[in-house]
S.K.: 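Sending over a structure as structure tokens; questions will come in a sec.
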Amino acid sequence: MTNGRLSGKVAVVTGGASGIGLATVRRFIAHGAQVMIGDIEGDRAAEVATELGQAVGSRRCDVSAESDVEALFEETQNRFGGVHIAFANAGIGSFAPVVDAEVPDWMRVLEVNLVGPLLTIKHAARRMDKGGSIVLTASLNAVQPAIGMSAYCCSKAGLAMLAQVAALELGPKGIRVNAIGPGLVRTGLTDGMWLMPQIVEEFDENAPLKTSTSTEDVANLVAFLASEESSSISGTLQLIDRAAHTMRYPNLLARFTDATGTGSQSS
Ligand SMILES: NC(=O)c1ccc[n+]([C@@H]2O[C@H](COP(=O)([O-])OP(=O)(O)OC[C@H]3O[C@@H](n4cnc5c(N)ncnc54)[C@H](O)[C@@H]3O)[C@@H](O)[C@H]2O)c1
């Protein structure tokens, strides 16, 4: 579905070079927005921008580095004349049982998944002088614990609270802040799970809705939250998980340990 509901708007999308972020960039421009991609994979982001044309720019950006995030918003303002929408979507995962947790691995997940969105909100909101919409990619794991995923789950639960605090502070300035919580979506982050079909089957068994969630489904939700159609919605976590939160999360750590003989991995 396309229409001009974001025409005249300028959006920043972090982690926009692939997966959910890229599908959202495509959806935003289909709705008439101009978009700046910030991604740690600067070359891939530049290729995407070239493919999508003049409405899309890109800049290499590590969301955990404040100078990178500040420069991303400055370049967006210079190129497109303002910022109305920010999608703080870049994220990474890691696997390790709590008793084997390595502090540097834990900290890196928090830096990218939680501090990154904090910096994105900070520098977006400073430039949204006429209001705006900020969307954070949390996860089903913001509300559902998963064995071996302590850093990821805590970072995403923190994001859901960050959306509330930021919505509280920024509401009087006309800036809305919401988080989204996808269940399993096939992207670069999760592609490995399709090599072990029993994992995907276990996700399906634990989702009451027997559909699948695509990156485009998630992009539709983000576009709604970015648009004026959601003008009274702020401070929420919108799950997009086939109601999987009503059931249980698969034990991915056990599946990966069976398959690889090792209990830790990160991506
Ligand atoms: N795929 C799923 O099932 C799923 C489910 C719930 C939540 N999520 C979340 O969705 C978001 C997007 O992930 P995805 O599934 O599209 O995976 P993906 O790997 O396809 O996309 C993530 C993007 O973020 C970029 N990135 C990673 N670290 C970065 C950093 N420090 N700074 C800037 N960019 C960085 C990557 O280069 C990549 O382009 C993540 O926050 C992830 O936690 C994904």
Side-chain angles (χ1 to χ4, degrees), residues 12-27 36-49 58-73 86-95 107-120 123 135-144 146 149 151-160 162-163 179-194 199-200 203-204 206-207 212-219 221-222 237-242 244-245 249-250 252 266-267:
V12 170
V13 177
T14 71
S18 72
I20 290 167
L22 177 54
T24 303
V25 172
R26 292 183 189 279
R27 185 53 43 104
M36 179 68 86
I37 298 172
D39 200 292
I40 201 164
E41 296 289 341
D43 290 346
R44 202 166 65 209
E47 282 167 25
V48 167
S58 73
R59 183 182 176 93
R60 186 196 175 277
C61 170
D62 177 347
V63 293
S64 68
E66 182 155 13
S67 55
D68 279 13
V69 177
E70 192 169 12
L72 175 66
F73 281 94
F87 183 32
N89 165 73
I92 58 173
S94 71
F95 278 112
M107 293 304 288
R108 185 61 188 155
V109 173
L110 288 189
E111 279 171 9
V112 176
N113 291 7
L114 190 53
V115 178
L118 168 74
L119 296 173
T120 305
H123 290 285
V135 182
L136 317 177
T137 304
S139 165
L140 166 60
N141 296 122
V143 296
Q144 191 171 55
M149 293 172 62
Y152 187 80
C153 292
C154 291
S155 70
K156 297 301 190 178
L159 263 192
L162 180 61
I180 60 163
L184 183 64
V185 182
R186 190 169 189 173
T187 66
L189 194 67
T190 55
D191 210 32
M193 295 188 198
W194 271 262
I199 292 184
V200 179
F203 272 102
D204 288 341
N206 284 289
S212 60
T213 308
S214 67
T215 55
E216 289 75 20
D217 293 327
V218 181
L221 174 60
V222 181
L237 170 66
Q238 303 280 336
L239 295 177
I240 173 165
D241 70 337
R242 304 186 283 154
H245 63 282
Y249 204 79
L252 301 182
S266 57
S267 57

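Side chains included, hydrogens not; waters and symmetry mates left out as well; all remaining heavy atoms used. Numbering of ligands and ligand atoms starts at 1, following listing order.
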S.K.: What I'd like to find out is whether the side chain of Phe87 reaches to under 4.5 Å of the side chain of Ile20, using heavy atoms alone.
M.R.: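 Phe87 vs Ile20: side chains touch.
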S.K.: Under a 4.0 angstrom heavy-atom cut-off, which atoms of ligand 1 come close to Gly19?
M.R.: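 By the 4.0 Å cutoff, the relevant atoms are 16 (O), 20 (O).
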S.K.: Assess whether a salt bridge exists between Asp68 and Arg60, defined as any Lys/Arg side-chain N lying under 4.0 Å from an Asp/Glu carboxylate O.
M.R.: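 Between Arg60 and Asp68 there is a salt bridge, with a charged N closer than 4.0 Å to a carboxylate O.
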S.K.: Classify the contact between Val185 and ligand 1 as side chain, backbone, both or neither, using a heavy-atom distance cut-off of under 4.0 Å.
M.R.: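 Both backbone and side chain.
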S.K.: Given Ile180, which of Leu136, Leu159, Val218 fulfils the side chain to side chain contact (heavy atoms under 4.5 Å, CB included) condition?
M.R.: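 Exactly one candidate clears the test, Val218.
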S.K.: Which of the numbered atoms in ligand 1 are under 4.0 angstrom from any heavy atom belonging to Arg108?
M.R.: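 The list of qualifying atoms is 31 (N).
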S.K.: For ligand 1, note which part of Ile92 has a heavy atom under 4.0 Å away: side chain, backbone, both or neither.
M.R.: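 Looking at Ile92 and ligand 1, just side chain atoms fall under 4.0 Å.
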S.K.: Check each atom of ligand 1 against the heavy atoms of Thr190 and keep those under 4.0 Å away; list them by number with element.
M.R.: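 Near Thr190, the atoms of ligand 1 are 1 (N), 2 (C), 3 (O).
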S.K.: Tell me the closest heavy-atom pair linking Gly91 and Leu189, and the distance in Å.
M.R.: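 Taking Gly91 first and Leu189 second, the nearest heavy atoms are O-CD1, 4.3 Å.
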S.K.: Work out whether the distance between some heavy atom of Gly116 and some atom of ligand 1 is less than 4.0 Å.
M.R.: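 False for this residue.
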S.K.: Please state whether Arg44 comes within less than 4.0 angstrom of ligand 1, counting heavy atoms only.
M.R.: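 It does; at least one heavy atom falls under 4.0 Å.
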S.K.: Determine whether the side chain, the backbone, both or neither of Arg186 has a heavy atom under 4.0 Å from any heavy atom of ligand 1.
M.R.: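 Contact part for Arg186 vs ligand 1: neither.
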S.K.: Between Ile40 and ligand 1, which residue portion shows a heavy-atom distance shorter than 4.0 Å: side chain, backbone, both, or neither?
M.R.: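 Both of them.
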S.K.: Considering the heavy atoms of Gly188, write down every atom of ligand 1 situated less than 4.0 Å from one of them.
M.R.: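 Near Gly188, the atoms of ligand 1 are 20 (O).
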S.K.: Identify, by atom number and element, the atoms of ligand 1 in contact range of Tyr152, meaning under 4.0 Å from any of its heavy atoms.
M.R.: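 Atoms satisfying the 4.0 Å criterion: 6 (C), 7 (C), 8 (N), 9 (C), 42 (C), 43 (O).
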S.K.: Answer yes when Asp204 and Arg242 have at least one side-chain N-carboxylate O distance shorter than 4.0 Å, and no when they do not.
M.R.: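 Answer for the salt bridge query: yes.
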S.K.: Looking at ligand 1, does Ser64 have a heavy atom less than 4.0 Å from it?
M.R.: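 In this structure, Ser64 fails to qualify as a contact of ligand 1 - no heavy atom is under 4.0 Å.
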